[in-house]
Peer 1: 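One structure follows; several queries about it will come next.
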Amino acid sequence: MTDTAAAAPKKLFLLDAFALIYRSHFAFSKNPRINSKGLNTGAVLGFTNTLVEVLQKERPTHIGVCFDAGKTFRHEQFPAYKAQRQAMPEDIGTAIPYIKQIIEAFHIPILMMAGYEADDVIGTLAQRAEAQGFEVFMMTPDKDYCQLVTERIKIYKPAFMGNAAEILDVAHVLARFEVERVEQVIDILGLQGDASDNIPGIPGIGEKTAKTLIQKYGSVENLLAHVDELKGKQQENVRNFAEQGLLSKELATIHVNVPLDFEADKLVLDAPDEARLRELFDELEFRQLAARVLSEGPPRTPASVAKPGTTGARRPKPVAGGQASLFGNPGDEAVAIGAEEGETGHDGAPAGARRRLEDVPYQYHLMDTPARRQSLLHFLLRQTEVSFDTETTGLDTMTARLVGLSFCYRPGEAYYVPVPADDLPTAQAIVDEFCPFFSSPDILKIGQNIKYDLSILKHYKVEVAGPLFDTMLAHYLIEPDMRHNMDVLAETYLHYAPVPITDLIGPKGKKQITMADIAPAQVKDYACEDADVTLQLKHVFEPMLKELGLLELLNTVENPLVPVLSSIEYEGVRIDSVAMGEYSAELQGYVQELEAQIFTEAGQEFNIGSPKQLGEVLFDKMDIGRGKIKKTKTGQYATGEEILSQLAAENPIAALILEYRQLSKLRSTYVEALPQLVSVVDGRVHTNFNQAVTATGRLSSTNPNLQNIPIRTEKGREIRKAFVPRDDQHLLLAADYSQVELRIMADFSGDATMIEAFRQGIDVHSSTASKVFRVPLSEVDAEMRRKAKTVNFGIIYGISAFGLAQRIGISRKEATDIIDTYFQEFPSVKQFMDDSINRARELEYAETLLKRRRYLRDINSRNATLRGYTERNAINAPIQGTAADIIKLAMINIYHWLREEKLKTRMILQVHDELVFDAVQEEVAYITPKIKELMTQALLLPRGVPLEVEVGTGRNWLQAH
DNA sequence: CGCCTCACG
DNA sequence: ACGTACGTGAGGCGC
């Protein structure tokens, strides 16, 4: 105790290692991080990130990390304690030595005490440190620690999954557990138990009841003393399990009497051993972390770069000799390369070695003369596959101008053709020179997000022909729920960090500079690198796809769909902006009227659009909705549709708010926004279809999203009237699959009853209603059909009684009965659901008819919620994904047919089970049956359940239905 | 930038 | 005992 008086506040951080490690591990379980040696590094990375974050942001003066050590006294008290917890996952077992080494390299002491758990050690040290004037932060995600919180001992919940870090003080704890004193946390925990720790609690008492009882009786002991005041089953349970309740409280108590001294000087934060950290990060391949944490430090030793199979050095050697013949004058190229390398490369870059161009030999050439371009074209035409990339002035294909083209057909060697962005005729002429290449039907064109390049070239009148290979889509099939940026792909699969685009054009800002502002010689390296990396990625992905059985899906569906989507986007949709403007004014009138009424009802003015203000007005000021009040996970009042609908019976304000919400949504999201996205170039709206976003294989649409244009309500539907054909010679034609997903499920399950209904063309929802409610088909009324329809959807989503009950407003019991009857009537469907889950448990993925995969790595999780969610995905993903496969094939076939027949009708939208066409009136009669045929025959289901398509036409999208 | 709410299939 | 139907994207709010 030799504290220097008036020193800076002493901040002690105590980390609960295992709790943090487990959490990190499961955070990455969806997308495991595997390094090139096959090591799952998620837990190590997560833990280290957390540690680094706290060191950098919180600047502790003292710190220690606690690990559990073996069995504890709790096991002796209660043998089942934590018994059901599964053995430690293997990946965590291998992670721990690394984590300990990292902690040691940070020079942070590891604290353990045989026979005690980390929480006891942390609790004890925390209290002793507090007594010595420390401010203590217990770093853990575990809520049990709440019982230890005092004025100067707090919980530091590290940032997690997008949630910011959180410091829990006394006020937080009291609010969270709804108790008066912190000690009562133990009573709550003891009463309600903890399934994951096998703390039994008292049967029938969960979080809610525990809170109510402790609020009333103050403690478990006092509750037991007044057990006769309780009623019915509850009294019986509390009486019978009194002892278990006391034991549970004991088990939940953190013991702060561990025989352990708090020696402050041993926990003083010290400088880390950077060299050792660098070694560890290198081995683990934590490049970004290393860049963030370590000062620039010594450059990598040549050995570490050259070590085969580790980082870098993956690129082939430059091709010697021979190629010189490509250049009329090869000498000047070499000079250019040498000159730039010194400038951009090397470890002088901020934040350590990100860029690694200098590690590997490459030859990137500037092709800026007619002779060089001719020479390049000559070589391109002799290749069977070439990767290419476009450099442009922006991301919007409607307005972006071409700045240059890069090509690569041999790893490590690429060519950049600059194009004057502001001189359209010259640019066009240069692009035309490469037309023989782009239109060659034999050369495989490889690109990363190649739809973008196709769309750019389309504006230069180039129709890219021949087979395509998109590395983004390749990776989308390999890892559907990851991201597919080229930078990340290069880092993951080539162990190579490309030049960030911001090195050239800077961060996003007001005065955005573009590629056109950069000297071609500088753009060259960036552009060539993209083409080069793309080619190399193709060579990595192709064997992987083959191995996974995904190559055919890529080559027959995803890659051929690219030009189709490019065309759809290029064509665009005509929007009647005048009609939109009128409707906007009309909606605005309604909205203002509603606003006035709401203010009158509320007796005050406030921002109705703010859920926070709305909740306060409704539930605090007006005090309505007693008993129906719910809070969101962030502690705010929930004011969603579901709650407000319930409130509508009690107070007229609820219905007004719902209507206000609906109309202002329509106005802001659609009626106001859409006209602003009409292109000045052609007066049409060009959406962007993303082909590599959804986990199931569907497309998504952005900027604007044209896949969620209203239709379900009357005022929403109006908006569709403003989607119109391009001119008087055209009509909109809409072709919808009817109940594709249900048909797919009927087919996959082989359920005879359901298949028969589809074969005979009976309305499936009515048919389901007749079975589920056990009435003849003729007696099915609208209400029964509505419920059956919800049941049918529920089945596809992986039904739960709770979900069904909520949606059709019945009790859980009734919902359970309906589901039971359903499974009795459709036993094969039940079988199908079970089979889907079991299959997914084995494979850890689900697949569609065309073998598209969705990985379900949590299907064997011991977290029941997560597992349930994943099981529902095991049922839904093959169905939703197969429907996506089918419409994609139909789109490809229709696109080619329209072209072959030289028809002028154009496909302009896809909305998951619907295709919309801008149809020439004279062509409608001819194309209608063919579109139907191509859609229904796109893919035959294994058991032959037929697909059906409804086609309609009209002067607008609403009429076309 | 995360949260809430709500538009679609 | 737990938390609860699948998949998306966008706008407004409030930090």
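Chain letters run A, B, ... following the sequence lines, proteins first and then strands; every chain starts at 1. Owing to the predicted nature of the structure, the values given are computational and were not obtained by experimental measurement. All values below come from the heavy atoms of this structure, side chains included, with hydrogens, waters and symmetry mates left out.
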Peer 1: Considering the options A/Asn690, A/Asn688, A/Thr687, which one meets the side chain to side chain contact (heavy atoms under 4.5 Å, CB included) requirement together with A/Thr702?
Peer 2: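 Considering A/Asn690, A/Asn688, A/Thr687, a side chain to side chain contact (heavy atoms under 4.5 Å, CB included) with A/Thr702 is found only for A/Asn688.
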
Peer 1: Who passes side-chain hydrogen bond (donor to acceptor under 3.5 Å, both in side chains) against A/Gln662, sequence neighbours left out?
Peer 2: A/Thr713

Peer 1: Under 30°, 30 to 60°, or over 60°: which ring-plane class applies to A/His484 and A/Tyr476, parallel, tilted or perpendicular?
Peer 2: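 It falls in the perpendicular class, over 60°.
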
Peer 1: Using the P atom as the point on both nucleotides, what is the distance between B/dC3 and C/dT4, in whole Å?
Peer 2: 15 Å

Peer 1: Could you tell me how far C/dG3 sits from B/dA7 if I compare only their P atoms? Round to whole Å.
Peer 2: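 It comes out at 28 Å once rounded to the nearest Å.
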
Peer 1: Using whole Å, report how far CD1 of A/Ile719 lies from P of B/dC6.
Peer 2: 16 Å

Peer 1: At 4.0 Å (heavy atoms only), tell me whether A/Gln662 reaches a base, stays on the sugar-phosphate, or touches nothing.
Peer 2: sugar-phosphate

Peer 1: So, OP1 or OP2 of B/dC4: does either fall under 4.0 Å of a side-chain N or O from A/Thr639?
Peer 2: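 False: A/Thr639 side-chain N/O out of range (4.0 Å or more) of B/dC4 OP1/OP2.
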
Peer 1: Could you provide the dot-bracket string of DNA chain C, using ( ) for intrastrand pairs, [ ] for crossing pairs and | for bases paired to another strand, with Watson-Crick or G-U pairs below 3.5 Å?
Peer 2: .....|||||||||.

Peer 1: Could you check how far CZ of A/Phe723 sits from P of B/dC8, rounded to whole Å?
Peer 2: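 One finds 12 Å between P of B/dC8 and CZ of A/Phe723, rounded.
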
Peer 1: How would you label the contact of A/Arg698 with the nucleic acid (heavy atoms, under 4.0 Å): base, sugar-phosphate, or nothing?
Peer 2: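 Base, at least one base heavy atom under 4.0 Å.
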
Peer 1: Rounding to an integer number of Å, can you tell me how far A/Ile886 CD1 sits from B/dG9 P?
Peer 2: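 Taking atom P of B/dG9 as the reference, CD1 of A/Ile886 is at 18 Å.
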
Peer 1: Quick one: does NZ or CZ of A/Lys631 land under 6.0 Å from the six-membered ring centre of A/Tyr637, within 45 degrees of the ring axis?
Peer 2: yes

Peer 1: Could you tell me how far apart A/Arg661 (CZ) and B/dC4 (C1') are, to the nearest whole angstrom?
Peer 2: 8 Å

Peer 1: Looking across every strand, which nucleic acid part, if any, lies under 4.0 Å from A/Arg812 by heavy atom: base, sugar-phosphate, or nothing?
Peer 2: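 Counting heavy atoms under 4.0 Å across all strands, the contact made by A/Arg812 includes a base.
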
Peer 1: What's the CD-P distance between A/Gln636 and B/dT5, to the nearest Å?
Peer 2: 8 Å

Peer 1: Would A/His172 and A/Glu166 count as a side chain to side chain donor-acceptor pair (under 3.5 Å) here? Give the steps.
Peer 2: CA-CA 10 Å; A/His172 282 105; A/Glu166 211 181 338; 5.0 Å; no

Peer 1: Base, sugar-phosphate alone, or nothing: which one does A/Ser664 contact when heavy atoms must sit under 4.0 Å apart?
Peer 2: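 Since no nucleic acid heavy atom lies under 4.0 Å of A/Ser664, the category is nothing.
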
Peer 1: So do the side chains of A/Glu948 and A/Arg743 get within less than 4.5 Å of each other, counting heavy atoms only?
Peer 2: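 They are in side-chain contact.
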
Peer 1: On DNA chain C, which is the earliest and which the latest nucleotide, 5' to 3', with an atom closer than 4.0 Å to a heavy atom of chain A?
Peer 2: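 The footprint of chain A covers C/dA1 to C/dC15.
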
Peer 1: A/Leu663 CG to B/dC6 P: how many Å, rounded?
Peer 2: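 It works out to 12 Å between those atoms.
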
Peer 1: Contact class for A/Ser800 (heavy atom, under 4.0 Å): base, sugar-phosphate, or nothing?
Peer 2: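 Base, at least one base heavy atom under 4.0 Å.
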
Peer 1: Relative to the 5' end of DNA chain C, which residue comes earlier, A/His912 or A/Thr702, by the nucleotide with the nearest heavy atom?
Peer 2: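 Result: A/His912.
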
Peer 1: Look at all strands and tell whether A/Leu699 reaches a base, only sugar-phosphate, or nothing, counting heavy atoms closer than 4.0 Å.
Peer 2: nothing

Peer 1: Need one value for A/Asn703: base, sugar-phosphate or nothing, where a base atom within 4.0 Å counts as base even if backbone is also close, heavy atoms only.
Peer 2: sugar-phosphate

Peer 1: Rounded to the nearest Å, what distance is computed from the CZ atom of residue A/Arg717 to the C1' atom of nucleotide B/dA7?
Peer 2: 14 Å

Peer 1: Classify the nucleic acid contact of A/Ile709 as base, sugar-phosphate or nothing, counting any heavy atom under 4.0 Å across all strands shown.
Peer 2: sugar-phosphate

Peer 1: Below 4.5 Å, heavy atoms only, C-beta onward: do A/Asp885 and A/Val557 meet side chain to side chain?
Peer 2: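 No. Closest side-chain heavy atoms not under 4.5 Å.
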
Peer 1: Remember a base hit wins even if backbone is also touched, and classify A/Ile808 as base, sugar-phosphate or nothing at under 4.0 Å, heavy atoms.
Peer 2: nothing

Peer 1: Charged N to carboxylate O under 4.0 angstrom, A/Glu641 versus A/Arg661?
Peer 2: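 Salt bridge flag = no for A/Arg661 with A/Glu641.
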
Peer 1: Identify, between A/Thr669 and A/Gln880, the residue whose nearest nucleotide on DNA chain C lies closer to the 5' end.
Peer 2: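 Looking at the nearest nucleotide for each, A/Gln880 comes out on the 5' side.
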
Peer 1: What is the nucleic acid contact for A/Gly868, judged by heavy atoms within less than 4.0 Å: base, sugar-phosphate only, or nothing?
Peer 2: nothing

Peer 1: Taking the side chain as every heavy atom from C-beta outward, state whether A/Leu706 and A/Phe689 have any pair of such atoms under 4.5 Å apart.
Peer 2: no

Peer 1: Under 4.0 Å, counting only non-hydrogen atoms across every strand here, what does A/Gln613 touch: a base, just sugar-phosphate, or nothing?
Peer 2: sugar-phosphate

Peer 1: Could you tell me whether A/Thr209 contacts a base, only the sugar-phosphate backbone, or nothing, with contacts defined as non-hydrogen atoms closer than 4.0 Å?
Peer 2: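 Nothing, no heavy atom under 4.0 Å.
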
Peer 1: So what does A/Ala638 hit on the nucleic acid, given a heavy-atom distance under 4.0 Å: a base, only sugar-phosphate, or nothing?
Peer 2: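 Answer is sugar-phosphate: A/Ala638 comes under 4.0 Å of backbone atoms only.
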
Peer 1: On the 0 to 90° scale, with breaks at 30° and 60°, tag the A/Tyr855-A/Tyr845 ring pair as parallel, tilted or perpendicular.
Peer 2: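 Ring orientation, 0 to 90° scale: perpendicular.
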
Peer 1: Counting any heavy atom closer than 4.0 Å, what does A/Arg712 reach on the DNA or RNA strands: base, sugar-phosphate only, or nothing?
Peer 2: base

Peer 1: With a 4.0 Å cut-off on N to O distance, would you call A/Glu236 and A/Lys233 a salt bridge?
Peer 2: yes

Peer 1: Rounded to the nearest angstrom, tell me the gap between atom CG in A/Asn876 and atom P in B/dG9.
Peer 2: 16 Å

